[in-house]
Amino acid sequence: MSEPVLSIRGLTKRFGTTTVLDGVDLDVARGEVLVVIGASGSGKTTLLRCVNALVPYDAGSITLDGVEVGYTAPGSGVRRSDRALSAIRADIGMVFQMFNLFPHLSARDNVALGLKVTRGMAKREAVARAEHWLARVGLADRMDHLPSQLSGGQQQRVGIARAVAMEPKLLLLDEITSALDPELVGEVLDVVRGLAAEGMTMLMVTHEMSFARDAGHRVVFMDQGRIAEEGVPKEVLGNPRSERLQRFLRRIELRTE
Amino acid sequence: MIEAMIYALPFLGQGFLVTLAVSGLVVAGSLVLGLVLGTALAFGPVWLGLPIRAFADTARAIPLIVLIFTVYYGLPALGVNLSPFWAAVAALTLFKTGHVIEIVRGAITSIAAGQMEAAKAIGLSFVDRLRYVIFPQAVRRFLPPWINSVTDSVKGSALVSLVGVVDLMMAIQQVIGRTYQPMPLYLLGAIIYIAVNASLSVTSRRLEARFARVVAS
Ligand SMILES: Nc1ncnc2c1ncn2[C@@H]1O[C@H](COP(=O)(O)OP(=O)(O)OP(=O)(O)O)[C@@H](O)[C@H]1O
Ligand SMILES: [Mg+2]
C-alpha cells in the first residue's frame, strides 16, 4: 500500500474541560474518498478544522505527505508561523457548509484569488484556470455573478471550484449539502462524484448516506470524539455493529424519507 | 452685516488654512494609528489588546479640551517641547485615534468568522487575508462612522485656538477684536465650517454609494 497522504495519530482536542477529539487515528490514502459520519457534536467539524490547521490541538499528530501540519514537529507543541501554516493550507482544499464565498468578489475572482495571491500566478493564467474550473462545475455562464446573485447550489459549486483550482493534495468537505434545498443537493454531489472519479483525495463529512454508499471508498463513524466503527461503506452502513451506529443510521433514514 | 463679513474675509485666509492643516493632519494621523491599533485589537493576543483597549477608552473618556491642555502644559514638564500647533495636533490625534480604533474594531468584527477561515483555507497569509478579504468588506461598515468622525475633527480643531494657535476660530476673534462686531463674524465662521463639512458629507456619500455597489451583500 502506498504512503497515506494524510496520517492522523492520537489526535486529541479539548475545548476547556470537554474533550472533543479523543485520540483519533486515521489514514487517508492517495485517491481515497473517506466519508465521516456521526451525530451532531461528535467532533467531525473539529477534526477537519484540525487537519486544515484552523485550530490548535492538544496532543497527537497530523501529517500531510509526511509533514506535520500545525506544529514544527510532531509533539513539539510549537505552533508553526502564519507563513508556514499558510503554505501548508494552500495544499489542503476546504469546502464549507455555509459556502463562505467572498461576497465582494465575482465567482471568477473567488476562484482566482488564491491562484493569484497564494500561487503567484499571473493574472491571465489565474483567470484562465478559474474559468476552466467554473466551467467544470457547470457555471460557465455565471463567472461574473456575485455570490448574492447565485443559488445555494451554484454558490457551493463555486466553493468547490475555489478549493480544487488550487490543486490541493487533499480536499476537506464539511456537510457541503446540508444548507441546501433538497432539489439542489444532487448538482453539488455530482460535482464531487466527478472529482472522486478523477482521483481527488477527499475527507468528507456528510449525512448523504446514498452518496457515502456509492461514492465513498471507506466510512468512519465518529462517536464522542472517537472513531467507533470503520470499514467499506457496504459493511459499516449495511451491517452496523454497535447499538449507537444502528440508532444513528435509523435517525438519518427517518429524516431523509 | 454683509459688508462686515466681506471686510473680514481676507484676514481669515491664513487661519482657514491652519484649520485645514490641523484637521488634515489629525484625520491622517488618527487613521493610520487607528487602523494599526484597531486591527491589533481585533486580531491580536490579549496582552496586546488590553493596553489598546485601555488607551482607546481613556482617550474617548477625557473631554477634548482637557486633553489639549494636558498635552500642551504636560509635555514641557516631561522635557518635550512642542510648538502650540504640534501640541494641539498631537492632542487631537490622540483623541481621534481612540474613536478610529473603536470604528475599525467594530467594522472588522462585523465580518463573519467564516470569511477569515475561507481566506486561510486558500493559503492567504495574514496580511493578504486582511488586504483581499477582510478590509474590502469591512470598509463599508467603517466609512459612515468614520466620516462622522472626520467632520467632528474639523469642528474639534476650533479648540486649538485656546492654546494660541491662529486657526480660523482665532482669526475670527482677532478681527472681532478690531471691529467689535461679533455677530457677522461668528455667523461667517459658522458658514465656513458648514461649507467644509457639507462638502465632506457629499464626498462621503459618493464614496459610500461606490463601496455599497462594489460590496454587494
Ligand atoms: N469554538 C468552540 N468552543 C467550544 N466548544 C466547541 C467549539 N467548537 C466546537 N465545540 C464543541 O465541540 C463539540 C464538537 O463540535 P463539532 O462542530 O466538531 O461537531 P460536529 O460533529 O461537526 O457536529 P455537527 O454535525 O452538528 O456539525 C461540540 O460539543 C461543540 O459544542
Ligand atoms: Mg459539523
Side-chain angles (χ1 to χ4, degrees), chain A residues 45 48-49 51-55 81-106 109-120 126 130 145-150 158-159 161-168 170-174 179, chain B residues 35-36 38-49 103-104 106-146 204 206-217:
Chain A
T45 296
L48 297 197
R49 288 163 52 81
V51 170
N52 209 7
L54 293 175
V55 285
S81 68
D82 179 68
R83 193 163 285 277
L85 289 177
S86 298
I88 289 171
R89 290 190 194 114
D91 287 335
I92 304 175
M94 187 154 191
V95 187
F96 300 87
Q97 184 172 7
M98 304 309 293
F99 325 138
N100 294 358
L101 295 185
F102 306 127
H104 58 300
L105 299 179
S106 66
D109 289 339
N110 260 276
V111 182
L113 181 62
L115 301 175
K116 275 188 285 200
V117 179
T118 306
R119 294 282 187 237
H145 286 54
L146 290 170
S148 57
Q149 299 165 323
L150 297 171
V158 175
R162 177 174 69 179
V164 294
M166 299 287 290
E167 299 183 337
L170 168 71
L171 187 61
L172 307 172
L173 307 107
D174 188 9
Chain B
L35 275 175
V36 172
T39 305
L41 180 58
F43 294 114
V46 177
W47 61 261
L48 189 58
I103 298 171
V104 168
I108 287 175
T109 51
S110 74
I111 307 301
Q115 290 295 308
M116 197 59 159
E117 298 207 333
K120 283 180 177 174
I122 55 170
L124 298 186
S125 66
F126 179 68
V127 171
D128 287 334
R129 297 197 288 274
L130 295 184
R131 174 169 168 204
Y132 295 104
V133 176
I134 304 299
F135 284 166
Q137 296 182 64
V139 70
R140 199 166 57 131
R141 307 277 182 134
F142 171 80
L143 272 180
W146 181 70
S204 69
R206 290 229 181 95
L207 263 178
E208 274 177 59
R210 225 186 84 202
F211 278 106
R213 239 182 303 123
V214 175
V215 191
S217 60

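Proteins come first, then strands; the chains are lettered A, B, ... in the order of their sequence lines, and each starts at number 1.
Residue B:Ile122 comes nearest to A:Met166 through the heavy atom pair O-CE, 3.3 Å, listed as atom of the first residue, atom of the second, then distance. Across all their heavy atoms, A:Pro103 and B:Gln115 have their closest contact at CD-OE1, 3.4 Å. Nearest heavy atoms, A:Asn100 versus B:Ala118: O-CB, 3.4 Å. Of all the heavy atoms in B:Ser125 and A:Ser86, the pair that sits closest is CA-OG, 3.6 Å. Shortest non-hydrogen contact noted between A:Asp82 and B:Phe126 is OD2-N, 2.8 Å.
Of the two parts of A:Phe96, only the side chain, counted from C-beta on, holds a non-hydrogen atom closer than 4.5 Å to a non-hydrogen atom of chain B. With a threshold of 4.5 angstrom between heavy atoms, A:Leu101 approaches chain B through N, CA, C or O but not through any side-chain atom. Proximity to chain A is absent for every atom of B:Arg131, based on heavy atoms less than 4.5 angstrom apart.
The structure places CD of B:Glu117 at 4.0 Å from CZ of A:Arg49, a figure rounded to the nearest 0.5 Å. Rounded to the nearest 0.5 Å, atoms NE2 (A:His104) and OH (B:Tyr132) are 10.5 Å apart. Taken from CG in A:Leu105 to CD in B:Gln137, the straight-line distance is 8.0 Å, to the nearest 0.5 Å.
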Item to complete: Before giving the answer on side chain to side chain contact (heavy atoms under 4.5 Å, CB included), spell out for A:Leu113 and B:Leu124 the whole-Å C-alpha distance, their side-chain angles and the decisive distance to 0.1 Å.
Response: CA-CA 9 Å; A:Leu113 181 62; B:Leu124 298 186; 4.0 Å; yes
